[in-house]
**Student:** 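Please read through the structure below; I'll follow up with questions.
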Number of protein chains: 2
Amino acid sequence: MTTTAPGSSGVRLAAETWESLFRSQVAVMRRLQAGQAFKKLPIKEYDVLFTLSRCPTGKLRLNEINDHVLLSQSSLSRLVERLEKRGLVERSTAPDDGRGILLGLTPAGQELQKEIGREHVRDIAELVAPALTADEQRELLRLTQKLQAFVASK
Amino acid sequence: MTTTAPGSSGVRLAAETWESLFRSQVAVMRRLQAGQAFKKLPIKEYDVLFTLSRCPTGKLRLNEINDHVLLSQSSLSRLVERLEKRGLVERSTAPDDGRGILLGLTPAGQELQKEIGREHVRDIAELVAPALTADEQRELLRLTQKLQAFVASK
DNA sequence: CAGTGATACATGCAAATGCATCTATTTTGG
DNA sequence: CCAAAATAGATGCATTTGCATGTATCACTG
């Protein structure tokens with residue numbers, strides 16, 4: 001068994017852990033956002049293109065995307081509206097649910113996603129790879145996946 | 001030495017690690033934001049009160065706070081304006097730098113921070129503590145601190 | 001299968017945010 | 001010591017965001 005410091009019952013550790021996870025995310029995100037890549041498209045909009053590009057079928061429901069992103073439903077609706085106006089995504093009605101909207105990348109959207117993605121991945125690698133060993137990165141990956149899985153299942 | 005998978009030279013691992021860190025942060029933040037505690041004060045505004053409460057001197061410069069938070073300088077300036085209007089913080093001119101502003105909590109601000117903080121810490125513990133063992137939390141804490149330190153030093 | 005509630009997304013509107021710029025102060029270099 | 005550049009923070013203004021609500025479709029229940 002793992003003992004905790006007397007009187008804190010693990011609450012303090014959890015709080016410190018979250019605080020550190022959050023601040024590290026802020027620090028990294030700040031740098032990434034400043035990258036040249038996001039002069040072309042805000043990072044939140046890029047994230048939607050990226051999410052679509054990762055999806056096997058190439059199309060996702062708006063509410064599925066919403067789970068991935070820290071935006072209200074209405075903000076995502078408008079963000080997608082902007083992407084559509086720029087010709088980067090296409091809405092289509094979901095075949096099995098008349099209420100739903102399926103979102104997919106246009107060829108221009110795919111192109112822009114790849115273009116920004118290349119730069120973005122370089123920036124990430126420059127920031128993360130020298131900070132942690134490969135083993136540490138794998139462990140961080142595992143722990144954050146585990147945390148995410150627990151939160152999603154709750 | 002730790003070898004990387006052929007052809008990916010660590011770039012892929014770094015990207016996956018960041019992606020997972022980011023998504024886990026989104027998932028946890030989404031839950032925390034929805035907590036009862038943040039009906040009283042938006043989480044971003046609470047974060048400023050919290051940051052001030054942690055500071056030994058009790059006062060911080062606006063630009064120091066800005067480093068901690070994912071907001072532009074002007075947005076922070078206005079956020080602080082709102083906190084001031086609600087009587088939660090006080091601006092004072094920095095003694096050693098006529099351009100600077102020192103920000104401190106008022107008694108009401110301290111009170112509200114503690115009140116929200118208690119609830120918030122409970123929510124964090126409910127979300128994080130059951131997801132990871134204490135050892136895993138300590139390791140996640142260590143890795144995110146290391147990442148943050150590297151980014152800050154760059 | 002009608003009626004009630006839930007879900008998916010859109011929209012009006014007020015508030016928050018960021019960019020560009022402004023003022024004031026400090027720092028630097030000659 | 002002075003002029004030029006840098007830094008801290010505030011502010012005008014356009015864009016983005018979220019809350020509340022609206023509309024349409026789906027699911028459940030008796």
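We name chains A, B, ... by the order of the sequence lines, and we start the count at 1 in each one. Keep in mind it's a predicted model, so treat the numbers as computed, not measured.
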**Student:** ring-ring contact (aromatic ring centres under 6.0 Å, His included): which pairs involve residues 85-129 of chain A, sequence neighbours left out?
**Tutor:**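 Output for this query lists A/F38-A/H120, A/Y46-A/H120.
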**Student:** In residues 86-93 of chain A, which residues come under 4.0 Å of DNA chain D by heavy atom?
**Tutor:**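 Correct list: empty, so none.
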**Student:** What is the distance, rounded to the nearest whole Å, between atom CD of A/E84 and atom C1' of C/dA10?
**Tutor:**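 It is 12 Å, rounded to the nearest whole Å.
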**Student:** Could you write nucleotides 17-28 of chain D as a row of B, S and -, 5' to 3', where a protein heavy atom under 4.0 Å of any base atom gives B, of only sugar-phosphate atoms gives S, and otherwise -?
**Tutor:** SBB----BBS--
**Student:** Sequence neighbours excluded and cut-off under 3.5 Å, please list the side-chain donor-acceptor pairs for residues 29-36 of chain A, or say none.
**Tutor:**
from	atom 1	to	atom 2	distance (Å)
A/R30	NH2	B/N66	O	3.0
A/R30	NH2	B/V69	O	2.5
A/R30	NH2	B/L71	O	3.1
A/R31	NH2	B/V151	O	2.9
A/R31	NH2	B/K154	O	2.7

**Student:** Scan for ring-ring contact (aromatic ring centres under 6.0 Å, His included) pairs involving residues 12-36 of chain B, sequence neighbours excluded, and state none if there are none.
**Tutor:**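 Of all non-adjacent pairs touching residues 12-36 of chain B, those that pass ring-ring contact (aromatic ring centres under 6.0 Å, His included) are B/W18-B/F22.
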**Student:** Whole angstrom is fine here: how far is it from CG in B/D67 over to P in D/dG9?
**Tutor:**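 My rounded result for the distance is 10 Å.
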**Student:** Hey, are A/S24 and B/T144 close enough side-chain-wise for a donor-acceptor pair under 3.5 Å?
**Tutor:**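 No - no donor-acceptor pair under 3.5 Å links their side chains.
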**Student:** Tell me: CG of A/L62 to P of C/dT11, nearest whole Å?
**Tutor:**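 Checked: the CG to P distance equals 12 Å.
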**Student:** Specify the separation, in whole Å, of atom NZ of A/K85 and atom C1' of C/dA10.
**Tutor:**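 That distance rounds to 13 Å.
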**Student:** Please list all pairs meeting ring-ring contact (aromatic ring centres under 6.0 Å, His included) that have one or both residues in residues 74-112 of chain A, counting only residues at least two apart or in different chains.
**Tutor:**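 Qualifying pairs: none.
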**Student:** A/D123: which residues meet the salt bridge (Lys or Arg N to Asp or Glu O under 4.0 Å) condition with it, sequence neighbours left out?
**Tutor:**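 Testing A/D123 for salt bridge (Lys or Arg N to Asp or Glu O under 4.0 Å), a comparison that skips the adjacent residues, returns none.
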**Student:** What residue pairs, at least two apart or across chains, pass salt bridge (Lys or Arg N to Asp or Glu O under 4.0 Å) with a residue in residues 40-58 of chain B?
**Tutor:**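 Listed once each, the pairs are A/R23-B/D47, B/K40-B/E115, B/K40-B/E119, B/E45-B/R82.
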**Student:** With side chain to side chain donor-acceptor pair (under 3.5 Å) as the rule and sequence neighbours excluded, what pairs involving residues 99-110 of chain A come up?
**Tutor:**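 Sorted pair list: A/D97-A/R99.
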**Student:** Can you list everything that forms a side-chain hydrogen bond (donor to acceptor under 3.5 Å, both in side chains) with A/K146? Sequence neighbours excluded, please.
**Tutor:**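 Only B/E136 meet the side-chain hydrogen bond (donor to acceptor under 3.5 Å, both in side chains) criterion with A/K146.
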**Student:** Please give me the minimum heavy-atom distance between A/L52 and A/V89, naming the atom from each residue.
**Tutor:**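 Taking every non-hydrogen atom into account, CD1-CG1, 4.0 Å.
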**Student:** To 10°, what angle do the rotation axes through the five end pairs on each side of the helix from C/dC1-D/dG30 to C/dG30-D/dC1 form?
**Tutor:**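 End-to-end axis angle for the helix from C/dC1-D/dG30 to C/dG30-D/dC1: 40°, rounded to 10°.
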**Student:** Specify the separation, in whole Å, of atom CD1 of B/I101 and atom C1' of D/dT11.
**Tutor:**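 To the nearest whole Å, that distance equals 14 Å.
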**Student:** Measure the distance from CG on B/N63 to P on C/dT26 and round it to the nearest whole Å.
**Tutor:**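 Atom-to-atom, B/N63 to C/dT26, this comes out as 14 Å.
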**Student:** Which whole-number value in Å describes the distance from A/L60 CG to C/dA8 P?
**Tutor:**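 Roughly 14 Å, once rounded to whole Å.
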**Student:** ring-ring contact (aromatic ring centres under 6.0 Å, His included): which pairs involve residues 48-95 of chain B, sequence neighbours left out?
**Tutor:**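 Sorted result for residues 48-95 of chain B: empty, none.
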